[in-house]
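Throughout, residue positions are numbered sequentially from 1 according to the sequence presented. Values reported hereafter were calculated over all heavy atoms of this structure, with side chains retained and with hydrogens, waters and symmetry mates removed. Given the structure is predicted, the values throughout are model-derived calculations rather than measurements. Every number for a ligand or one of its atoms is a count from 1 in the order of the listing.
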Amino acid sequence: MAATRRLSHSVAVITINHPPVNALSHSLRRSIAKEFGDASKDSSIEAIVLCGANGNFCAGADIKEFGSSTLDSVSLNNINDAVERCQKPVVAAIEGVALGGGLELALSCHYRVANVQARVGLPEVLIGILPAAGGTQRLPRLIGIPAALDMIVRGRHVPATEALQLGVVDEVVKANTIDAAIQLARKVLGEKYNHH
Ligand SMILES: C/C=C(\C)C(=O)SCCNC(=O)CCNC(=O)[C@H](O)C(C)(C)COP(=O)(O)OP(=O)(O)OC[C@H]1O[C@@H](n2cnc3c(N)ncnc32)[C@H](O)[C@@H]1OP(=O)(O)O
């Protein structure tokens with residue numbers, strides 16, 4: 001399990017890879033933090049795209065590690081704060097599911113592009129907990145309190161087209177989600193440079 005990084009036209013594409021659903025285990029979080037930190041500091045990189053391998057963005061915290069007492073300084077909150085604060089545009093490319101901590105990670109990105117087949121949600125309530133990595137703040141800021149509360153208390157999986165209507169994602173594409181996210185990042189960069 002690891003996050004890997006490749007470069008596409010000065011955009012770093014960081015792929016989260018922990019089969020089958022890219023659950024955020026301790027070691028995956030460490031790997032994401034390292035790749036993201038390196039990309040943020042690398043002056044040859046102008047923007048960052050976060051995506052998932054195995055046909056999914058991320059199903060959230062690794063439920064199989066719940067109850068383990070491993071001490072880990074790389075919390076999902078730390079990662080999400082670093083992503084949100086990044087000076088470079090960060091775009092999430094969402095395929096499959098972005099659930100729980102996976103959606104919270106995507107919400108920390110500055111933009112979100114989803115495949116039409118994707119689903120997003122905060123299903124923590126279904127396992128008796130509440131979102132605790134910024135979802136209860138970032139989601140209402142993005143889509144308003146009533147719609148966010150509906151997602152948080154019902155824990156339902158929201159299809160990409162509805163997520164677009166609600167404003168959870170910025171764009172829905174039928175194919176080539178990662179390319180679309182790279183294009184969006186480059187468009188944002190173009191707008192930034194045109195304003196200077
Ligand atoms: C604090 C808490 C935070 C930050 C959280 O994020 S809590 C976790 C929130 N996420 C969830 O509750 C998602 C739970 N998973 C699902 O809803 C579904 O598994 C799925 C929609 C992601 C996939 O569904 P499906 O295609 O039907 O496949 P399975 O359900 O059979 O799952 C396949 C294997 O993946 C394992 N899995 C799924 N989610 C997780 C997870 N969050 N952590 C660890 N492992 C996960 C699942 O156990 C299956 O594994 P195997 O049985 O094949 O070994």
As a check for students: among Leu99, Asn77, Val21, identify the option with a heavy atom nearest to atom 21 (C) of ligand 1. Leu99

For atom 7 (S) of ligand 1, the option (of Lys64, Glu104, Glu65, Glu124) bearing the nearest heavy atom: Glu124

For a quick test of reading the model, state the closest non-hydrogen atom pair linking [X] to [Y] and the distance between them.
| X | Y | value |
| --- | --- | --- |
| Val172 | Val116 | CG1-CA, 3.6 Å |
| Ala160 | Asn115 | CB-O, 3.2 Å |
| Gly102 | Leu24 | N-CD1, 4.2 Å |

Strictly less than 4.0 Å: does any protein heavy-atom distance to [atom] fall in that range?
| atom | value |
| --- | --- |
| atom 32 (O) of ligand 1 | no |
| atom 40 (C) of ligand 1 | yes |
| atom 29 (P) of ligand 1 | no |
| atom 51 (P) of ligand 1 | yes |
| atom 37 (N) of ligand 1 | yes |
| atom 48 (O) of ligand 1 | yes |
| atom 18 (C) of ligand 1 | no |
| atom 26 (O) of ligand 1 | no |

Number the atoms of ligand 1 from 1 as they appear, then name those within less than 4.0 Å of a heavy atom of [X], with their elements.
| X | result |
| --- | --- |
| Pro20 | 34 (C), 35 (O) |
| Gly101 | 4 (C), 5 (C), 6 (O) |
| Gly60 | 6 (O) |

[atom]: nearest protein contact (heavy atom, Å):
| atom | result |
| --- | --- |
| atom 44 (C) of ligand 1 | Asp62 OD1, 3.2 Å |
| atom 43 (N) of ligand 1 | Ile63 N, 2.9 Å |
| atom 12 (O) of ligand 1 | Pro123 CG, 3.7 Å |
| atom 1 (C) of ligand 1 | Ile129 CD1, 3.9 Å |

Roughly how far, to the nearest 0.5 Å, is the CG atom of Leu105 from the CD1 atom of Ile79?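 It comes to 7.0 Å.
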
Indicate yes or no: does [X] engage [Y] in a salt bridge with an N to O separation below 4.0 Å.
| X | Y | result |
| --- | --- | --- |
| Arg138 | Glu84 | yes |
| Asp170 | Lys187 | no |
| Arg156 | Glu162 | yes |

Under 4.5 Å between any side-chain heavy atoms of Gln137 and Leu107, yes or no? no

Are any of the side-chain heavy atoms of Leu149 and Pro140 separated by less than 4.5 Å?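 Counting from C-beta outward, Leu149 and Pro140 never come under 4.5 Å.
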
Looking only at distances, please establish whether an N/O atom of ligand 1 is found under 3.5 Å from an N/O atom of [X].
| X | answer |
| --- | --- |
| Ala61 | yes |
| Ala59 | yes |
| Ala23 | no |

Verify side chain to side chain contact (heavy atoms under 4.5 Å, CB included) between Asn17 and Thr4, making sure each step is shown before the conclusion. CA-CA 8 Å; Asn17 190 356; Thr4 53; 5.7 Å; no

Knowing that exactly one of Asn54, Asn56, Thr15 qualifies, which makes a side chain to side chain donor-acceptor pair (under 3.5 Å) with Asn22?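 Only match with Asn22 under side chain to side chain donor-acceptor pair (under 3.5 Å): Asn54.
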
Indicate whether any N or O donor in one side chain lies under 3.5 Å from an N or O acceptor in the other, for Ser75 and Asn77. no

